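Keep in mind it's a predicted model, so treat the numbers as computed, not measured. Residue numbers start from 1 in every chain, and the chains themselves are labelled A, B, ... in the order their sequence lines are given, proteins ahead of strands. Just so it is clear, the values below take in all heavy atoms, side chains as well, and ignore hydrogens, waters and symmetry mates.
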Amino acid sequence: MNITFPDGAIKEYPKNITPIEIAESISHGLAKQIVVAKVNDELVDLNFEIVEDAKIMFFKFDSEEGRSVYWHSTAHLLAQAVRTLFPDVKVTIGPSIENGFYYDFDKEIPFTDDDLQKIEQKMKELAKLKNIYKREELSKQEAIDKFQKMGENYKLELLADIPNDEIISIYTQGDFTDLCRGPHLTDTAKIKSIKLLKTSGAYWRGDAKNKMLQRIYGVSFPSNKELNKYLYNLEEAKKRDHRKLGKELDLYSISDDIGPGLVLWHPNGATMRSIVEDYWKKRHFAKDYKLVQTPHIGKAELWEKSGHLGFYNESMYSAIEVDGQEYYLKPMNCPFHIAIYQSQRRSYRELPIKYAEMGTVYRYENSGSLHGLMRVRGFTQDDAHIICTPQQLDAEVENVVEFSINTLRAFGFEKFDIYLSTMPEKAVGEKSDWDKATVALKNSLQKLNLDYKVDEGGGAFYGPKIDIKIKDALNRSWQCSTIQFDFNLPTRFGMEYIGEDNAPHRPFMIHRALLGSIERFFGTLIEYHAGNFPVWLCPIQVKVLPISDQYIDYAQKINEILITNNIRSEVDFRNEKIGYKIREAEMMKIPFMFIVGQKEMDANSVSVRRHQEGDLGSFRLADIIEKIQKDVEEKK
RNA sequence: GCCGACAUGGCUCAACGGUAGAGCACUCGACUUGUAAUCGAGCGGUUGUGGGUUCGAUUCCUACUGUCGGCACCA
């Protein structure tokens, strides 16, 4: 029987040989390290018997496949430990995830931190027993009987969804059996280092209508060293948290007295925001967008007509009554932009029309979902609506997708996840329009050579969309850019343009936000740069630090020159030692520190210290100003 | 909204069933300073809010509010 290796080599082996035996035949070290094997493109247990010619590939912990199996097996170990310590608990599901694993349990009293400790300890004991993960296959009926006897009703629910004629696999290690597709590690002793990280509630099958289960998250590694490294990285990542940095760098705050999810932009944050917005406007003017500005509230009838009161009501702040009329804070800008469009009869000659606005909206978000700047109740969307003819569609889509990516890149972002969401089951609009729009979106992504995932049926009911998500320091994804077709509002509002044929036609409308919301974007910006912003964005670019009182006048003079040259500068004229002033400027992550004393005053120069780099030496003021201006120009 | 944890001066954190303590910040004074914390003194909280238990609570119970970690939601 011939076995083909990834490098193309072919070796002969006896029938019924297993991947682990093959690995052992190559080297003992390899056999010890591998976690799982792929035989003919299917991941299998290491003791899977190969009966005919096959391709084989091994995976260690350093591969995605390897980690996933490793963590999945650890999840089974977690379930075993929990069943041992809490016999009344029902097990449900426990997959591996991007960074570890979790297992959901049905337990009346939630796990405590103490429980977590005990469970972790028990897992370590159980792991050492070197129990084999034993695979068995049985018919669906046999599986039902088995789990019924065990009283595992959640497993029965899962089984109910599996076709009757399918072969079911179960895995047993020690006294614990779980319904599972596999594959798994050979034995529990492969799991060397375990850490349970947190507990939380989680709905059965992810549905809020179902019972809330108790979830335990954890992670495991082949060595303590790797676990410690992981925990260290986690701590480091927490230092990038925009909520922590937002306070430390005095960028913004959110006050209980004002209301949850409502942001106060402090001078430092507001300065940066203003730079972002100015740059945003400049780019939009260059792309022929027309700036508009619309009110924060609108009459109930408007939101009735747009459908917001019907579909979006629970996310809106309640009505404000004035003169017997109900008004609502706007959760979106679209109806206002449409009103501007409809203020005149529009000709095909005017299209495409692109209205852009930094539109501040208010949404009543669930209390549990609020999160720093990332999820707030009042935020400013960098919103725009592109209204065009069917003929203009492809070009406009391509334009906007490219514009969107380039804008993110201009702010230093390189990594983002792009999603294309297609027509859901419940949708408005013509299927042909959906297809046309979806193809246009897809083409633009391909043309720009962008990797993306397709979310089949994940579009909004009113149109397909492209979303771009950026990850925060703790690897949580936040949607920033969104480009969405809208087949709903143009119809609801009866939008029209007069075509060449002198007859009215319905335009296409694309709704888009490049940064998403300024608040969220700012949050991701903070975390992405860990507070060490590029010079052009820094609220304070230079701090002038006089060595002692005698040089304050000189420092003030330097400061004035800097400000005149559009460099954001401040003087630290407190009566402190230079080391103290430097320390504070470093902690505030100010990119340039100008240290001035007798030497500098005599030479009419400044001594420059760069944040995180240290002393750069002495500079002529004009030279360093030029350098900073160049950095700003180049968006460094 | 759901599950859990938490809530002490501007910030970070400590303590306790008998009316709270430190560092930083701030104010004042001394020092006149050369690349990540000079020294000294002072100011500042009744312990998120309401209710209850208790002779007495900040400490125990409870409701609410908010924050944090998840879940759900996120046109």
Side-chain angles (χ1 to χ4, degrees), chain A residues 102 104 107 109-113 115-116 197-217 238 241 243-244 247-248 250 253-257 259-261 306-308 310-312 314-315 331-332 334 363-372 374-375 421 424 427-428 458-465 467 474 476 478-479 482 484-489 511 516-517 520 545-552 574-588 593-600 607-618:
Chain A
Y102 69 77
D104 286 347
K107 181 173 184 288
I109 304 160
F111 294 107
T112 63
D113 286 350
D115 293 340
L116 225 58
L197 297 165
K198 57 197 174 195
T199 61
S200 91
Y203 299 108
W204 167 236
R205 299 197 140 179
D207 189 335
K209 289 198 274 295
N210 290 338
K211 186 171 184 184
M212 181 156 268
L213 307 169
Q214 298 302 321
R215 175 171 298 181
I216 297 177
Y217 285 93
K238 283 184 188 160
D241 192 316
R243 292 165 300 184
K244 188 171 152 61
K247 193 182 286 178
E248 287 171 359
D250 198 16
S253 64
I254 294 170
S255 159
D256 291 1
D257 298 336
S306 69
H308 285 89
F311 296 109
Y312 204 65
E314 70 287 357
S315 294
M332 294 184 196
C334 342
R363 296 182 186 175
Y364 179 75
E365 300 285 355
N366 281 332
S367 60
S369 63
L370 297 176
H371 183 100
M374 302 300 202
R375 193 82 180 265
S421 302
V428 299
F461 75 88
Y462 53 79
K465 59 175 182 172
D467 292 329
L474 291 174
R476 293 174 289 215
W478 298 97
Q479 183 187 307
T482 185
Q484 313 182 336
F485 273 88
D486 195 325
F487 299 128
N488 182 45
L489 291 181
H511 171 113
S517 93
R520 177 177 291 179
L545 311 176
I547 297 276
S548 79
D549 297 2
Q550 301 154 37
Y551 314 109
I552 287 181
R574 290 174 304 174
N575 185 8
E576 295 290 350
K577 283 180 74 172
I578 192 67
Y580 180 91
K581 296 182 188 177
I582 287 171
R583 177 182 153 80
E584 189 164 288
E586 284 284 352
M587 289 197 306
M588 291 304 284
M593 285 152 268
F594 287 3
I595 292 142
V596 296
Q598 191 62 47
K599 265 190 301 184
E600 289 74 18
S607 177
V608 178
R609 182 188 166 100
R610 189 77 168 84
H611 171 54
Q612 285 183 318
E613 287 174 27
D615 197 352
L616 299 186
S618 191

Under 4.0 Å protein heavy-atom contacts per nucleotide of nucleotides 61-70 of chain B, with B for base, S for backbone only and - for none: -----SSSBB
Would you classify [X] as touching base, sugar-phosphate or nothing, given that sugar-phosphate means primed atoms plus P, OP1 and OP2, and contacts are heavy atoms under 4.0 Å?
X: A:Gln479; answer: nothing
X: A:Gln214; answer: sugar-phosphate
X: A:Gly459; answer: nothing

What integer number of Å spans the [atom1] atoms of [N] and [M]?
N: B:rA20; M: B:rA15; atom1: C1'; value: 7 Å
N: B:rU49; M: B:rU65; atom1: P; value: 15 Å
N: B:rG34; M: B:rU38; atom1: C1'; value: 15 Å

Does [X] have any salt bridge (charged side-chain N to carboxylate O under 4.0 Å, His left out) partners at least two apart in sequence or in another chain, and if so, which?
X: A:Arg363; result: none
X: A:Lys238; result: A:Glu235
X: A:Glu600; result: none

Stem regions touching RNA chain B, defined by at least 3 consecutive Watson-Crick or wobble G-U pairs below 3.5 angstrom: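 As far as RNA chain B goes, consecutive pairing (with distances under 3.5 Å) yields the stems B:1-7 with B:65-71, B:10-13 with B:21-24, B:26-30 with B:38-42, B:48-52 with B:60-64.
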B:rA72 base / A:Arg205 side chain donor-acceptor hit below 3.5 Å: no
Show each protein N/O and nucleotides 38-44 of chain B N/O combination with a separation under 3.5 Å, one pair to a line.
none

